[in-house]
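Worksheet: one structure, shown below.
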Amino acid sequence: MLDIRLIRENTDLVKQRLAHRSGDYASVVDELLSIDTARRSAETERQKLQGDRNRISKDIGIAKKNGQDTSPIEAEVRGINDRIEEIGRDADAADIRQRDLLLSLPNLPHEACPVGHSAEENPEVRVWGDKPSYDFEPKDHTILGQTLGMLDFEAGAKITGSAFVVYRGAGARLERALINFLLDLHTTQHGYLEVNTPHLVKAECLVGTGQLPKFGDQVYHSPEDDLYLIPTAEVPVTNLHREEILKVEQLPIQYAAYTPCFRREAGSAGLGTRGLIRMHQFDKVELVKITAPEVSMAELESLTANAEKVLQLLGLHYRVIELCTGDIGFGSAKTYDIEVWAPGQGTYLEVSSCSNFGDYQARRMNLRYKGEDGKNRFPHTLNGSGTALARLFVALVETYQQADGSILIPEALRSHFGADKIS
RNA sequence: GGUGAGGUGGCUGAGUGGUCGAAAGCACAUCUUUGCUAAAGAUGCGUAGCCUUAACAGCUACCGAGGGUUCGAAUCCCUCCCUCACCGCCA
């Protein structure tokens, strides 16, 4: 959520930054400004009337004590109350409208975020390793997975539907080994605290991180309980501190969490979504940071490095790209994507998206910290996958496949997996 | 799911219709004094909005949430939520 005062006082700057995003928000800003003016004038009027009422009511109490007849002034207060109610309706309506508009406005891209219109303009930041070469035709993970009895897409479709999968045998074990490997790495080497959160959350959590109200059609919802299946651990983990005032000594807060993620993927079904690459449910280890504003950009770099370490240890070739203003997510001010090479696909797969949200999410969830000077401030929130499992699984089995159809387990994963190959 | 108790400021905890945004204590901050591994005293110390501003100040709202009664609600009424205890059920 943007600060209404920033919009009021630096309208041009706000419009100019938003203009770099895809989508047109100038008219929303204009409506916001006129609603804000109306809201404040109604609010001022209401508060003045409430002040009148409070004063006169006190007088009534005193007059009654003195045994005086108070019925004329009581009638006067009733008249004031009618006007308070009337003007209050305007003030409340404007307030609700203003909040709705603010929630529908995306974050301002940071000045460090490269300007561009679409994914084609995302600059490549760095590349690690090389594309592996094979003296045979590398197979797709769906072939490998089914041949080795690791992946059963038919069973997934049978019990739930398309874009759900059943991991079996070595596949299930590999998935579990990867989760443990990731959590162990981030908690013992990178200083994150492991948390294990509910997979169902209240609507306000999704508002807090930005999925609601705008992207409600992308999340699974249980109407009886008004609970939502989490699309990412970012939601429960970042909201752990919603409505709180943190102490400055608590910062930075660093959490790592494994959860399954549930996504409806409305409108994108069947589009280049072979195998594990785009599922309605997938596992992910998420990294979340809450930091002081001054250090958030540096923390984004370290968070991204923490995610990259995963791929380095597993020996997987990857590249890091920076999302341009036309491609960054709704709430993000700056984002790096990490894309791992999948030889069977002949393409890079996004396995991590590391973003600095600035104070955008903190404002939405009213998360603050008390600064050195005793003033309450909004901290910055960051998160990134560390990493998404399904696609990491794809890259791993496709990269380490052998001519005989077996799969080597990279050194770093062997103690977690308990074997050095799958055959 | 049942029964009972309860939800007040960072914490403890008063407060059952009128000058209560809320006593007192603790914690915290600044200052003073005595002096030294501490003590005493003074002052300050919630959140948000509005209006102003160089700053201060002022006003309004908030005592779990939402409604209601009233000229006036932390206080009375209704609904809901949550916490704790015991019982039931259960992985």
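Convention: sequence-line order gives letters A, B, ...; per-chain numbering from 1. Keep in mind that this is a model prediction, so the values were computed, not measured.
Taking the C1' atoms as reference points, B/U12 lies 29 Å from B/G66, given to the whole Å. Between B/U16 and B/A23, the distance separating the two C1' atoms is 16 Å to the nearest Å. Nucleotides B/U79 and B/A27, compared at atom C1', are 38 Å apart to the nearest Å. Taking the P atoms as reference points, B/C11 lies 14 Å from B/G46, given to the whole Å. Nucleotides B/A22 and B/A74 have their C1' atoms positioned 8 Å apart, rounded to a whole Å. Comparing B/C56 with B/U47, their P atoms sit 15 Å apart, to the nearest whole Å. Using atom P as the reference point in both B/G21 and B/C63, the two lie 12 Å apart (nearest Å). When the C1' atom is used for both B/C81 and B/G49, the distance is 26 Å, rounded to whole Å.
Remark: A/D52 engages A/K48 in a salt bridge, criterion side-chain N to carboxylate O under 4.0 Å. Salt-bridge formation is not detected for the pair A/K158/A/D152: no Lys NZ or Arg NE/NH1/NH2 atom is positioned less than 4.0 Å from an Asp or Glu carboxylate oxygen. In this structure, A/R40 pairs ionically with A/D36, as a charged nitrogen and a carboxylate oxygen lie closer than 4.0 Å. Using a 4.0 Å cut-off between charged side-chain N and carboxylate O, A/K64 and A/E74 make a salt bridge. A salt bridge does not link A/R97 to A/D100: none of the charged nitrogens lies less than 4.0 Å from a carboxylate oxygen. The pair A/R83-A/E86 does not meet the salt-bridge criterion, since no charged nitrogen lies less than 4.0 angstrom from a carboxylate oxygen. A salt bridge links A/R89 with A/E85: at least one charged nitrogen is closer than 4.0 Å to a carboxylate oxygen. Salt-bridge annotation for A/K247 and A/E249: absent, with no side-chain N of the basic residue lying under 4.0 Å from a carboxylate O of the acidic one.
Contact between the side-chain N/O atoms of A/R39 and the OP1/OP2 oxygens of B/C50 is found at a separation under 4.0 Å. Residue A/R5 has a polar side-chain atom (N or O) positioned under 4.0 Å from OP1 or OP2 of B/G49. For B/U47, the OP1/OP2 oxygens have a side-chain nitrogen or oxygen of A/K370 closer than 4.0 Å. OP1 or OP2 of B/C50 sits under 4.0 Å from a side-chain N or O of A/R8. In terms of phosphate contacts, A/R40 brings no side-chain nitrogen or oxygen within less than 4.0 Å of OP1 or OP2 of B/G49. Note on A/N54: every side-chain N or O is 4.0 Å or more away from OP1 and OP2 of B/G72.
Distance CZ (A/R53) to P (B/C71): 11 Å, rounded to an integer number of Å. In this entry the distance linking CD1 of A/I84 with P of B/A61 reads 9 Å, nearest Å. Between A/E43 atom CD and B/G58 atom P there is a gap of 19 Å when expressed in whole angstrom units. Separating the NZ atom of A/K202 from the P atom of B/C81 is a distance of 11 Å, rounded to the nearest angstrom. Counting to the nearest Å, the P atom of B/C50 and the CD atom of A/E45 are 16 Å from each other. If you measure from atom NZ of A/K247 to atom P of B/A27, you get 15 Å, rounded to the nearest angstrom. When rounded to the nearest whole Å, the span between CG of A/N81 and P of B/U60 equals 14 Å. Distance CD (A/Q98) to C1' (B/A48): 14 Å, rounded to an integer number of Å.
Residue contacts for A/N376: at a heavy-atom cut-off of 4.0 Å it reaches the sugar-phosphate backbone alone, with no base atom in range. Within 4.0 Å (heavy atoms only), A/R55 reaches no atom of the nucleic acid at all. A/K48 comes within 4.0 angstrom of no nucleic acid atom, judged by non-hydrogen atoms across all strands.
A/R5 CZ to A/D3 CG: the interatomic distance, rounded to the nearest 0.5 Å, is 5.5 Å. Atom-to-atom distance recorded for A/R176:CZ and A/L389:CG is 12.5 Å, nearest 0.5 angstrom.
Among the nucleotides B/A48, B/U19, B/A61, the one closest to the side chain of A/Q50 is B/A61.
Between A/N366 and A/K64, the one whose closest nucleotide on RNA chain B sits nearer the 5' end is A/N366.
The stretch residues 68-77 of chain A touches RNA chain B through A/E74, A/V77, each having a heavy atom under 4.0 angstrom from the strand.
The list of salt bridge (Lys or Arg N to Asp or Glu O under 4.0 Å) pairs with a residue in residues 290-308 of chain A, not counting sequence neighbours, reads A/R126-A/E308, A/K289-A/E299.
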Show me the dot-bracket string of RNA chain B, counting Watson-Crick or G-U pairs under 3.5 Å, with | for pairs to another strand and [ ] for crossing ones. ((((((((.[[[..)..(.....]]].(((((((...))))))).(((((.......))))).[[[[[..)....]]]]])))))))....
